Undergrad: 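Quick one: this structure, given as structure tokens, is what I'll be asking you about.
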Amino acid sequence: MAKIFCLGEALIDRLLPWGEDAGRDCLGGAPANGACALARLGSEVGFIGRLGRDRIGEQFAQLFEQRGVDTAGLQWDGDRPSRVVMVQRDASGDRSFGGFEGDQGEGFADEALDAAALPAPLGGAGDWLAVGTIPLAASPSAAALRQAVAAHRSAGGQVVVDVNWRPTFWGLAVDAAPTESVRARMGELLGQAQLLKLAAEEAQALFGSQDPSVVAAMLPQHPGVVITDGAAGVRWSLGPVVGSMPSYPVAVVDTTGAGDAFLAGLLHRFCQEPELLDGASEQRVQAALAFASACGALVCQGAGAIDPQPKEADVLDFISSHPAG
């Protein structure tokens, strides 16, 4: 089965009020979340990122080892700390990302991902590289991201981009839209993806539409596009197959990491059935999206992004007992 490489940030989500988990520190970061979710589902996965030589870094090293995540691409930084991000949640479990803690004047380790230290080769034909846009916010990590994408594509691999718009990482207000400069940097990356995953508000901000077919048509390579819309469900355009599905109704504790679990579930199924990316079968595509949605729903029922992640058997059990809608 194909291997998946998750490149980008590993950090601490510090859960601020609400509820019993206020003040709790959870290991997180979308690429780290995705790698751990994929490993728990049974996929072969590697993490590529940079951590400080600190307690947080040690915790991630232990977690990756426990989950069976390949860390050949993990870099260590003796000068910069691992990042702590403040996560504000409301009573519905929705969250926003505030400021950071731990910067000692040199920035954070994830911003210093070194292109020269990337593993080579980086995957091969049929393998996936999963990236977000946060590394584009700092010059060193942006250079590493671009090099990794180029190397992976030249080896015949496929790239999935989860936009994961987080204004705070770009030095913008929590509710800011992408600036023209940010949009330009994102556009270069989005134009190289074979699969694009966006939240509905990200699709609206970047493409002026929440229709995945419209988004796909606006990019030169016409990628597969999946748009998640929280409780409203998910919409997709994969080759000739377009569709939508309501979300699973569950009691939400914390939505942090739900999108990462969703994407992990989708990639897990795409590695099992590579033809789904091109929309080989409407029924099988719908089954894959139901699997991904169940992964996200299960994570919403626990605190933090990583601890609630399910095994494949847990997802199948959930689907059999929870009709969507």
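All residue numbers in this chain count up from 1 along the given sequence. Predicted model, so just to flag it, every value in this text is computed and none were measured.
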Undergrad: State the CG-CG distance between Leu238 and Leu276, to the nearest 0.5 angstrom.
TA: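 Between Leu238 CG and Leu276 CG, I get 8.0 Å after rounding to 0.5 Å.
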Undergrad: Has the side chain of Ser82 got a donor or acceptor atom that lies under 3.5 Å from a matching backbone atom of Gly52?
TA: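 Checking the backbone N and O of Gly52 against the side chain of Ser82, a donor-acceptor pair under 3.5 Å is found.
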Undergrad: Is Lys3 salt-bridged to Asp70, cutoff N-O under 4.0 Å?
TA: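 Judged by the 4.0 Å cut-off on N to carboxylate O distance, Lys3 and Asp70 do form a salt bridge.
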Undergrad: Determine whether a donor-acceptor pair (N or O, by modelled atom type, separation under 3.5 Å) exists between the side chain of Ser209 and the backbone of Val214.
TA: no
Undergrad: Find out if a path of hydrophobic residues (ILVMFWY) with successive side-chain heavy-atom gaps under 4.5 Å connects Leu219 to Val182.
TA: yes
Undergrad: Give the ring-plane orientation class for Trp165 versus Trp170, where under 30° counts as parallel, over 60° as perpendicular and anything between as tilted.
TA: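 The arrangement is tilted - the two ring planes meet at 30° to 60°.
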Undergrad: Verify the ring-centre separation between Phe60 and Phe47: is it less than 6.0 angstrom?
TA: no
Undergrad: Is the closest basic N to carboxylate O distance between Asp314 and Lys311 below 4.0 Å?
TA: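 Result for this pair is no, no salt bridge flagged.
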Undergrad: Suppose the criterion is salt bridge (Lys or Arg N to Asp or Glu O under 4.0 Å): which pairs have a residue in residues 138-165, not counting sequence neighbours?
TA: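 Of all non-adjacent pairs touching residues 138-165, those that pass salt bridge (Lys or Arg N to Asp or Glu O under 4.0 Å) are Arg146-Glu188, Asp162-Lys197.
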Undergrad: Checking Asp103 side chain against Gly107 main chain: does a donor-acceptor pair fall under 3.5 Å?
TA: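 Judged by distance alone, yes, a pair lies under 3.5 Å.
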Undergrad: Quick one: do Glu9 and Arg83 make a salt bridge, cutoff under 4.0 Å?
TA: no
Undergrad: Taking all non-hydrogen atoms of both residues into account, name the closest pair between Asp54 and Gly57 and its distance.
TA: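 For Asp54 and Gly57, the tightest heavy-atom pair comes out as OD1-N, 2.8 Å.
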Undergrad: State the CG-CG distance between Leu118 and Leu7, to the nearest 0.5 angstrom.
TA: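 Taking CG in Leu118 and CG in Leu7, the distance rounds to 7.0 Å.
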Undergrad: Hey, could you give me the CD1/CD1 distance between Ile56 and Ile12, rounded to the nearest 0.5 Å?
TA: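 Going from CD1 on Ile56 over to CD1 on Ile12, the span is 4.5 Å.
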Undergrad: Quick one about Asp13 and Thr256 (side-chain donor to acceptor, distance below 3.5 Å, no hydrogens or angles considered), yes or no?
TA: no
Undergrad: Salt-bridged, Arg53 to Asp77, with N to O below 4.0 Å?
TA: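 No, no charged N to carboxylate O under 4.0 Å.
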Undergrad: Leu136 and Phe169: side-chain contact (heavy atoms from CB on, under 4.5 Å), yes or no, with the steps?
TA: CA-CA 10 Å; Leu136 295 174; Phe169 286 78; over 6 Å; no
Undergrad: Hey, are the side chains of Val226 and Leu289 touching, using non-hydrogen atoms and a 4.5 Å cut-off?
TA: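 Sidechains of Leu289 and Val226: in contact.
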Undergrad: Considering residues, nucleotides and ligands other than Gln221, do more than 12 of their heavy atoms fall under 6.0 Å from its CD?
TA: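 Counting neighbours around CD of Gln221, more than 12 heavy atoms of other residues, nucleotides or ligands fall under 6.0 Å, so yes.
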Undergrad: How long is the straight-line distance from CG of Leu190 back to CG of Leu206, given to the nearest 0.5 Å?
TA: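 Between atom CG of Leu206 and atom CG of Leu190 there are 6.5 Å.
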Undergrad: Under the 3.5 angstrom rule, does the side chain of His152 hit a backbone N or O of Gln158 as a donor-acceptor pair?
TA: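 Yes; at least one donor-acceptor contact below 3.5 Å.
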Undergrad: Please report the shortest heavy-atom distance between Ala32 and Gly28, naming the atom on each side.
TA: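 Scanning both residues completely, I find the closest heavy atoms to be CB-O, 3.6 Å.
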Undergrad: Can Glu101 and Arg14 be counted as an ion pair, charged N to O under 4.0 angstrom?
TA: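 Salt bridge flag = yes for Arg14 with Glu101.
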Undergrad: Report the C-alpha separation of Arg235 and Asp211 in whole Å, then their side-chain angles, then the decisive distance to 0.1 Å, and conclude whether the side-chain contact (heavy atoms from CB on, under 4.5 Å) test is met.
TA: CA-CA 8 Å; Arg235 300 180 290 277; Asp211 183 333; over 6 Å; no
Undergrad: Does Glu44 reach the main-chain N or O of Ala2 with its side chain, forming a donor-acceptor pair under 3.5 Å?
TA: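 Not at all, since once roles are kept as given, no pair shorter than 3.5 Å links the two residues.
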Undergrad: Any side-chain heavy-atom pair from Leu195 and Leu277 closer than 4.5 angstrom?
TA: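 Touching, per the 4.5 Å side-chain cut-off.
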Undergrad: Taking all atoms of both residues into account, what is the closest heavy-atom pair of Cys6 and Pro31, and its distance?
TA: CB-O, 3.4 Å
Undergrad: Without swapping roles, check the side chain of Thr255 against the backbone of Ala258 for a donor-acceptor pair under 3.5 Å.
TA: no
Undergrad: If you take all heavy atoms of Gln192 and Val159, which pair is closest and at what distance?
TA: O-CB, 4.0 Å
Undergrad: Please report the C-alpha distance between Phe64 and Cys36 in whole Å, then the side-chain angles of each, then the deciding distance to 0.1 Å, and finally whether the side-chain contact (heavy atoms from CB on, under 4.5 Å) criterion is met.
TA: CA-CA 7 Å; Phe64 290 147; Cys36 290; 3.8 Å; yes
Undergrad: Could you tell me whether Glu282 atom CD has more than 12 heavy atoms of other residues or ligands within 6.0 Å of it?
TA: no
Undergrad: What I'd like to find out is whether the side chain of Ser293 reaches to under 4.5 Å of the side chain of Met245, using heavy atoms alone.
TA: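 Touching, per the 4.5 Å side-chain cut-off.
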Undergrad: Indicate the atoms forming the closest heavy-atom contact of Ala193 with Pro223, along with that distance.
TA: O-CB, 3.3 Å
Undergrad: How about Glu202 and Gln210: does a side-chain donor come under 3.5 Å of a side-chain acceptor?
TA: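 The criterion, which ignores hydrogens and geometry beyond distance, is not satisfied for Gln210 and Glu202.
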Undergrad: Under a 4.0 Å threshold between the charged nitrogen and the carboxylate oxygen, would Arg183 count as salt-bridged to Glu180?
TA: yes
Undergrad: Parallel, tilted or perpendicular, judged at 30° and 60°: which one describes the rings of Trp128 and Phe270?
TA: tilted
Undergrad: What's the separation between atom CE in Met218 and atom OG in Ser213, rounded to the nearest 0.5 Å?
TA: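 With rounding to 0.5 Å, CE (Met218) is 13.0 Å from OG (Ser213).
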Undergrad: Checking the side chain of Asp114 only, and the main-chain atoms of Ala116 only, is there a donor and an acceptor separated by less than 3.5 Å?
TA: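 At least one qualifying donor-acceptor pair exists.
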Undergrad: With a 4.5 Å limit on heavy-atom distance, are the side chains of Val160 and Leu129 in contact?
TA: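 Result no, sub-4.5 Å side-chain heavy-atom pair not found.
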Undergrad: So, the side chain of Ser281 versus the backbone of Arg284: is there a donor-acceptor pair under 3.5 Å, distance only?
TA: yes
Undergrad: Does His268 use its side chain to pair, donor to acceptor, with the backbone of Ala264 at less than 3.5 Å?
TA: no
Undergrad: Do Leu11 and Phe108 come within less than 4.5 Å of each other through their side chains, counting heavy atoms only?
TA: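 No - every pair of side-chain heavy atoms lies 4.5 Å or more apart.
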Undergrad: Could you check whether any side-chain heavy atom of Gln283 comes within less than 4.5 Å of a side-chain heavy atom of Gln286, counting everything from C-beta outward?
TA: no
Undergrad: Let me see the working for Val149 and Leu189 under side-chain contact (heavy atoms from CB on, under 4.5 Å), right down to the final yes or no.
TA: CA-CA 9 Å; Val149 169; Leu189 177 62; 4.0 Å; yes
Undergrad: Just so I know, are the side chains of Phe291 and Leu316 near enough to count as touching, which here means a heavy-atom distance under 4.5 Å?
TA: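 Phe291 reaches Leu316 side chain to side chain.
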Undergrad: Applying a strict under-4.5 Å side-chain criterion to I, L, V, M, F, W and Y, I'd like to know whether Val253 and Val299 cluster together.
TA: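 No.
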Undergrad: Rounded to the nearest 0.5 Å, what separates atom CG in Leu263 from atom OG1 in Thr228?
TA: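 OG1 of Thr228 is found 9.5 Å from CG of Leu263.
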Undergrad: Can a donor-acceptor pair be found, under 3.5 Å and without considering hydrogens, that links the side chain of Gln75 to the backbone of Arg50?
TA: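 No; judged by distance alone, with no hydrogens or angles, the pair does not exist.
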Undergrad: Identify the heavy atoms of Ala294 and Val315 that sit nearest to each other, and give their distance.
TA: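 For Ala294 and Val315, the tightest heavy-atom pair comes out as CB-CG1, 3.7 Å.
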Undergrad: Within the 4.5 Å heavy-atom criterion, are Ile48 and Pro119 side-chain neighbours or not?
TA: yes
Undergrad: Tell me whether Val84 is reachable from Leu63 by hopping between hydrophobic residues (I, L, V, M, F, W, Y) whose side-chain heavy atoms are closer than 4.5 Å.
TA: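 Cluster IDs for Leu63 and Val84 match.
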